[in-house]
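What follows is a short report on a single structure.
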Amino acid sequence: MKKNLQELIDFFLQNGVANRQEISDKSDLAISPATLKRYLSELQNDGLIQSEGKGKATVYKTTPLLELTYPIDLNSYFLLEQDERKIRNQFDFEIFGKLKGLPIFSQEEERKLKEIHDKFLLSTRDSSQEEYQIEMERLTIDLSWKSSQIEGSTYSLLETELLLKEKKTAKGKTRDEATMLLNHKEAIDFVVANNDYASKLSVKIIEELHSILTKDLCINRNIRRRKVGITGTNYNPLDNEFQIREALENTCQLVNQTSGIYQKCFLTLVLISYIQPFLDGNKRTARILSNAILIAYGYCPLSFRTVDPLAYKKAMLVFYERTNLHPMKGLFIDQAEFAVNTYF
């Protein structure tokens with residue numbers, strides 16, 4: 001992206017609304033009025049800003065698409081400590097309206113995701129049920145390992161395989177680590193056996209899957225009734241049980257009304273984590289449930305095997321703090337491509 005165009009985007013993100021004169025006066029853009037007019041037209045065509053009024057009275061303001069998808073570099077963003085970052089520290093109740101009908105993935109990203117799915121359909125077209133099950137078992141091991149690792153498990157991939165296949169626990173590991181991994185396998189096996197389970201999302205389904213994933217882990221399975229904090233951020237999730245349930249219901253409605261399967265999956269992945277409906281187990285519930293949606297519609301599940309846990313956490317923190325999807329989108333698309341190239 002051109003430097004001046006990026007600076008113009010940054011100006012809008014900081015100021016929200018301005019006319020052309022205000023942009024010239026308040027910004028450091030060293031461009032001609034004609035170039036500014038062209039840049040504003042480009043941003044409008046891309047749906048990143050919108051205009052109101054006519055002639056010299058025209059004002060421009062940001063759209064939800066710009067706020068939610070503008071590029072953020074994780075390394076630069078986290079140079080500031082959590083108390084120094086300017087963030088939205090409370091749950092954004094307008095998030096569902098902003099996301100409704102929003103083209104989360106750009107046209108280029110949509111093309112790439114279509115190519116990924118087409119490749120999956122081609123590679124599985126002549127596969128037998130037995131061949132599919134073998135690959136699904138391999139993906140299950142990888143997903144159980146990585147999802148648990150993101151949550152702090154110290155099991156290696158090989159130790160995870162021995163545990164899930166032969167019930168052999170690793171030396172020096174805690175009982176809870178083994179339980180977390182076994183619960184992942186049980187949840188994934190349940191979803192595969194009931195492959196239309198998440199074709200229509202509901203709060204009941206979210207609660208059921210969370211119960212499987214947290215079984216025997218001394219974690220309250222009900223929607224929480226008290227405040228929780230998240231390490232590394234000053235973002236405060238909802239702390240009212242009724243608001244949490246309402247947010248979950250809004251999530252289900254939004255996902256069910258969304259037509260694109262990858263978009264359904266992605267919205268589920270980020271919104272359940274954002275809401276933090278349970279005292280623990282939120283992100284693992286989001287990962288398995290988003291995969292349940294892919295399975296329900298005949299798409300390749302994601303194992304997240306090559307995801308760096310710290311990068312995953314940082315991408316989610318950016319969404320918590322800025323409701324910005326850009327880092328998480330990149331991670332998601334990379335993992336969709338990895339899964340199709342690795343399994344089946």
Would you say that I95 contacts L68 through its side chain, given a criterion of any heavy-atom pair below 4.5 Å between the two side chains? yes
Backbone N/O of D308 and side chain of K313: donor-acceptor pair under 3.5 Å: no
Is M316 reachable from I244 through a run of hydrophobic residues whose side-chain heavy atoms are each under 4.5 Å from the next? yes
Contact between L317 and F78 at the side-chain level, heavy atoms closer than 4.5 Å - yes or no? yes
May I ask you to test the L163-L182 pair for a side-chain heavy-atom distance under 4.5 Å? yes
N19 side chain to E22 backbone, donor-acceptor under 3.5 Å: yes
Please check this pair: side chain of N240 against backbone of F242, looking for a donor-acceptor N/O pair closer than 3.5 Å. yes
Does F93 form a side chain to side chain contact (heavy atoms under 4.5 Å, CB included) with Q243? I'd like the steps, not just the answer. CA-CA 10 Å; F93 286 95; Q243 288 182 330; 3.8 Å; yes
Please answer whether the main-chain N or O of T179 pairs with a side-chain N or O of D216 as donor and acceptor at a distance below 3.5 Å. no
Pair E337 + K112, salt bridge at N-O below 4.0 Å: yes
Going by heavy atoms in the side chains, are I188 and M136 under 4.5 Å from each other? yes
Keeping the roles fixed (side chain from T58, backbone from G55), state whether a donor-acceptor pair exists under 3.5 Å. yes
Taking the side chain as every heavy atom from C-beta outward, state whether F304 and D142 have any atom pair closer than 4.5 Å. no
Are a donor atom and an acceptor atom from the side chains of D25 and Q21 found within less than 3.5 Å of each other? yes
Run the numbers on N222 and F278 for side chain to side chain contact (heavy atoms under 4.5 Å, CB included), then give the verdict. CA-CA 7 Å; N222 299 316; F278 309 105; over 6 Å; no
Nearest 0.5 Å please: distance from the CZ atom of F12 over to the CD1 atom of I49. 4.5 Å
I would like to know whether R226 and E241 meet salt bridge (charged side-chain N to carboxylate O under 4.0 Å, His left out); could you show each step before the answer? CA-CA 8 Å; R226 61 180 177 85; E241 177 187 3; over 6 Å; no
Checking N256 against K264: is there a side-chain donor and acceptor pair closer than 3.5 Å? no
So, Y274 versus F319, ring centres under 6.0 angstrom or not? yes
Could you verify whether a donor N or O on one side chain and an acceptor N or O on the other, from T124 and S127, lie under 3.5 Å apart? no
Side chains of E42 and K37 in contact at under 4.5 Å (non-hydrogen atoms): no
Would you mind reporting whether Y235 and I230 have side-chain heavy atoms less than 4.5 Å apart? yes
Can R111 be said to sit on top of F105's aromatic six-ring, NZ or CZ under 6.0 Å from centre and within 45° of the ring axis? no
Hey, are Y262 and E110 close enough side-chain-wise for a donor-acceptor pair under 3.5 Å? no
Has the side chain of H117 got a donor or acceptor atom that lies under 3.5 Å from a matching backbone atom of L113? no
Between R225 and D239 (salt bridge meaning N to carboxylate O under 4.0 Å), is one present in this structure? no
Quick one: do the T233 and Q82 side chains pair a donor with an acceptor below 3.5 Å? no
Contact between S303 and Y343 at the side-chain level, heavy atoms closer than 4.5 Å - yes or no? yes
Do the side chain of N324 and the main chain of V318 share a donor and acceptor less than 3.5 angstrom apart? no
May I ask you to decide if V307's main-chain N or O and K146's side chain share a donor-acceptor pair within less than 3.5 Å? yes
Does the salt bridge (charged side-chain N to carboxylate O under 4.0 Å, His left out) test come out yes or no for K215 and E186, once each step is laid out? CA-CA 10 Å; K215 186 176 66 174; E186 182 179 345; 2.7 Å; yes
Worked check of salt bridge (charged side-chain N to carboxylate O under 4.0 Å, His left out) between R287 and E151: CA-CA 12 Å; R287 285 188 290 272; E151 303 308 315; 2.8 Å; yes
With side chain to side chain contact (heavy atoms under 4.5 Å, CB included) as the criterion, how do I72 and Y70 come out once you've worked through the C-alpha distance, each side chain's angles and the decisive distance to 0.1 Å? CA-CA 7 Å; I72 287 182; Y70 71 92; 3.4 Å; yes
Go through the steps for T342 and R138 under the test side chain to side chain contact (heavy atoms under 4.5 Å, CB included), then give the verdict. CA-CA 10 Å; T342 305; R138 192 160 68 95; 4.1 Å; yes
Hey, are T154 and E177 close enough side-chain-wise for a donor-acceptor pair under 3.5 Å? yes
Is T214 reaching over with its side chain to a backbone N or O of L217, donor-acceptor style, under 3.5 angstrom? no
Is any NZ, NE, NH1 or NH2 atom of the basic residue among R221 and E207 found under 4.0 Å from an Asp or Glu carboxylate oxygen of the other? no
SB check K168 E159 (cutoff 4.0 Å): no
Side-chain donor-acceptor pair present, T285, H210, cut-off under 3.5 Å: no
Measuring from L201:CG to T251:OG1, what's the distance to the nearest 0.5 Å? 8.0 Å
Taking atom types as modelled, find out whether T323 and R88 have a side-chain donor-acceptor pair closer than 3.5 angstrom. yes
Without swapping roles, check the side chain of E109 against the backbone of S106 for a donor-acceptor pair under 3.5 Å. yes
Assess, by modelled atom type and distance only, whether the side chains of R284 and S147 contain a donor and an acceptor separated by less than 3.5 Å. no
So if you build clusters from Ile, Leu, Val, Met, Phe, Trp, Tyr with side-chain heavy-atom gaps below 4.5 Å, do L164 and L143 land together? no
Would you kindly say whether E67 and T62 are connected by a side-chain donor-acceptor distance under 3.5 Å? yes
With no hydrogens and no angle check, do the side chains of Y297 and S199 hold a donor and an acceptor under 3.5 Å apart? no
Is it the case that over 12 heavy atoms from other parts of the model lie below 6.0 angstrom from the NZ atom of K167? yes
